[in-house]
Undergrad: 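A single structure is presented below for examination.
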There are 2 protein chains.
Amino acid sequence: MSPVHRTPQRTAPGDHALSSLPLLLDRTSPVPLYHQLARQLESAIEQGALAPGNLLGNEVDLSVRLGLSRPTVRQAIRSLVDKGLLVRRRGVGTQVVHSKVRRPLELSSLYDDLEAAGQRPTTRVLRNERIPAAADVAAALAVPEGAEVTVLERLRRTRGRPVAFLCNYLPAPLLELPTERLESTGLYRMLRSAGLTLHSARQSVGARGATAGEAALLDEAEGAALLTMERTAYDDTGRAVEYGSHVYRASHYAFEFQLLVRP
Amino acid sequence: MSPVHRTPQRTAPGDHALSSLPLLLDRTSPVPLYHQLARQLESAIEQGALAPGNLLGNEVDLSVRLGLSRPTVRQAIRSLVDKGLLVRRRGVGTQVVHSKVRRPLELSSLYDDLEAAGQRPTTRVLRNERIPAAADVAAALAVPEGAEVTVLERLRRTRGRPVAFLCNYLPAPLLELPTERLESTGLYRMLRSAGLTLHSARQSVGARGATAGEAALLDEAEGAALLTMERTAYDDTGRAVEYGSHVYRASHYAFEFQLLVRP
DNA sequence: AAGTGGTCTAGACCACCGG
DNA sequence: CGGTGGTCTAGACCACTTT
């Protein structure tokens, strides 16, 4: 990341970058109007047509220009404010945020993270079987002790080097997890394509020294610092869908994310 | 955390727990009506008057009962959906989410975290001075190399034991940071009370072994696993407000947080 | 004083889900 | 089919910020 010394960027008063932007709405489309507008504003920001600091122009004018009601325009703007792309100030206007916003922390899988980073991840499934839940797993998944759960142990590599050892538990009745599919994609992707909509997760991120077994698997020295993550994910009915206990090679991986402060 | 084996909880059709709940609005209050409503619903959920799985009752009835317009009621409900407390399903209704939602990951300080956990944190300021920015700090804060920045080194303890070593850099012109106030409160609290509104932050969480100096400060052995966090925080004009490089004793601290999946 | 976003109203029609 | 949330309209008044 290189430092960027911005010249203070201001729009001339009364003018705004949006006025010269073509905004087209398709009222026959099934896509909501506010969403069409939000998408166009977002891409204008991404492509620099709306530069950081630019004022958006007031909502009333915009709604007149587009032939939309003001609440609809507000809904579009609100969605971008929620994403952190815009800032509204009463009495001032709506501005494009200066700092580059990357995606906020998501409930994404390591697989997606690595793939997005252009590193072709591979997975070796070390274990994939159904067992009765031990006490700790039962507690995490909120199922009775001894209930059948699927246990999954996977070793993830990128560019030939091991990056993480992943241990996951899922309520067995939830879905089938064929080993060959697990080796070609991420667990979370499989959950989504099985129609499970994840709603929330509780995570804990820590660190500890590698055990002998972990060291051997991950090609590290015993006692080397490992990043650990435990996570229980829930669907929108509140069912626990997955409990994972992962260790990452700290020398090869760190969690990076963007946080947004909600007012 | 103890496992809770929930009995499937369903409201009788046509009935909903909200109907017996007193909801009072004060139209003379400066607090927006949608916010008054949201607050009351939220506390009803927290206190169990609205149990997980309960249907909220449809929006139209609720708006009639309260003498509000439907958009206003929707705005209240939307704010709770955004917080992860409620789930809306078209054709079904609005339900209280089953799983207990803790606060999502916030741009909070370690100080606040510890204090919220009931552990009285103490801070010793090891260094508090103004220096010219080195290249890496200048890059992180997006200021010219050599610009004056405040450097802060603090050792945080809880229950007499060291927990973290915190190193922070701030653009010097931003605010005064008297050492005595730093020892009695958190940095982020000071930023907020100085009128700075934080907007976003980029974080990176990793791990590594302790150096000899860190080991001595933190009462660990050399090479012991430490949790590391680097963060640059921005205000809503996009200015970098703070760059921090922290190390935590992994044996005493982990990051815990709740993630919400936004649809 | 003028202009901005923040809140609120009283309707309307549509899309989706369940029985 | 009836009931639900999802979208949308055309206004209104208020609170705040800047000039």
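Below, read A as the first sequence line, B as the second, and so on, with proteins coming before strands; counting in each chain starts at 1.
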Undergrad: In terms of relative ring orientation, are A:Y243 and A:Y169 parallel, tilted or perpendicular, with 30° and 60° separating the classes?
TA: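 A:Y243 and A:Y169: parallel rings.
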
Undergrad: Answer yes when A:E176 and A:R130 have at least one side-chain N-carboxylate O distance shorter than 4.0 Å, and no when they do not.
TA: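 Yes, charged N to carboxylate O under 4.0 Å.
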
Undergrad: In whole Å, I'd like the distance from the CG atom of A:L56 to the P atom of C:dT4.
TA: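 After rounding, the gap between these two atoms is 12 Å.
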
Undergrad: Do any N or O atoms from the side chain of A:T185 and from the backbone of A:L182 form a donor-acceptor pair under 3.5 angstrom?
TA: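 No; judged by distance alone, with no hydrogens or angles, the pair does not exist.
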
Undergrad: Between B:Q258 (side chain) and A:S200 (backbone), is there a donor-acceptor pair under 3.5 Å?
TA: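 Not at all, since once roles are kept as given, no pair shorter than 3.5 Å links the two residues.
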
Undergrad: So where does chain A start and stop touching DNA chain D, 5' to 3', when the test is distance under 4.0 Å to a non-hydrogen atom?
TA: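 The contacted stretch runs from D:dT7 to D:dT17.
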
Undergrad: Is there any salt bridge (charged side-chain N to carboxylate O under 4.0 Å, His left out) pair reaching into residues 21-38 of chain B, and which pairs are they, with sequence neighbours excluded?
TA: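 Of all non-adjacent pairs touching residues 21-38 of chain B, none passes salt bridge (charged side-chain N to carboxylate O under 4.0 Å, His left out).
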
Undergrad: Keeping B:Y111 on the side-chain end and B:S184 on the backbone end, is there a donor-acceptor pair under 3.5 Å?
TA: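 Indeed, once roles are kept as given, a pair shorter than 3.5 Å links the two residues.
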
Undergrad: Using the salt bridge (charged side-chain N to carboxylate O under 4.0 Å, His left out) rule, pick out the option among B:R90, B:R74, B:R78 that qualifies with B:E59.
TA: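 Of B:R90, B:R74, B:R78, salt bridge (charged side-chain N to carboxylate O under 4.0 Å, His left out) with B:E59 is met by B:R74 alone.
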
Undergrad: Just jot down the side chain to side chain contact (heavy atoms under 4.5 Å, CB included) partners of A:R39, sequence neighbours excluded, or say none.
TA: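 Checked A:R39 against side chain to side chain contact (heavy atoms under 4.5 Å, CB included); matches are A:H35.
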
Undergrad: Taking B:L177's backbone N and O only, do any of them form a donor-acceptor pair with B:N128's side chain (distance below 3.5 Å, no angle check)?
TA: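 Yes, B:N128 side chain to B:L177 backbone: donor-acceptor pair under 3.5 Å.
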
Undergrad: Is a side-chain donor or acceptor of B:H98 paired with a backbone partner of A:T237 at a separation under 3.5 angstrom?
TA: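 Side chain of B:H98 to backbone of A:T237, a donor-acceptor pair under 3.5 Å: yes, one is there.
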
Undergrad: Contacts to DNA chain D from residues 29-45 of chain A, heavy-atom cutoff under 4.0 Å, which residues?
TA: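 Under 4.0 Å from DNA chain D: A:P32, A:L33, A:Y34.
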
Undergrad: Note down the inter-axis angle between the two ends of the helix from C:dA1-D:dT18 to C:dG18-D:dC1, five pairs each, to the nearest 10°.
TA: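 About 20°, once rounded to a multiple of 10°.
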
Undergrad: Look only at the side chain of A:Q95 and the backbone of A:G53, and say whether a donor-acceptor pair between them is shorter than 3.5 Å.
TA: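 Confirmed, A:Q95 side chain pairs with A:G53 backbone.
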
Undergrad: Look at all strands and tell whether A:R27 reaches a base, only sugar-phosphate, or nothing, counting heavy atoms closer than 4.0 Å.
TA: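 Touches sugar-phosphate only.
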
Undergrad: Starting from C1' on C:dT4, measure out to CG on A:D61 and report it in whole angstrom.
TA: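 A:D61 atom CG is separated from C:dT4 atom C1' by 11 Å.
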
Undergrad: Please identify which of these residues, B:V31, B:L66, B:L41, meets the side chain to side chain contact (heavy atoms under 4.5 Å, CB included) condition with B:Q36.
TA: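 Exactly one option meets the side chain to side chain contact (heavy atoms under 4.5 Å, CB included) with B:Q36, and it is B:V31.
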
Undergrad: Count the heavy atoms belonging to other residues, nucleotides or ligands that lie under 6.0 Å from CZ of A:R181, then report whether that count exceeds 12.
TA: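 Result for CZ/A:R181: open.
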
Undergrad: Hey, can you pull the residues of residues 67-74 of chain A with a non-hydrogen atom under 4.0 angstrom from DNA chain D?
TA: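 Heavy-atom contacts with DNA chain D come from A:G67, A:L68, A:S69, A:R70, A:P71, A:T72.
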
Undergrad: Taking only the side-chain nitrogens and oxygens of A:N58, find out if one of them lies under 4.0 Å from OP1 or OP2 of C:dT4.
TA: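 Yes, A:N58 has a side-chain N/O under 4.0 Å of OP1/OP2 on C:dT4.
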
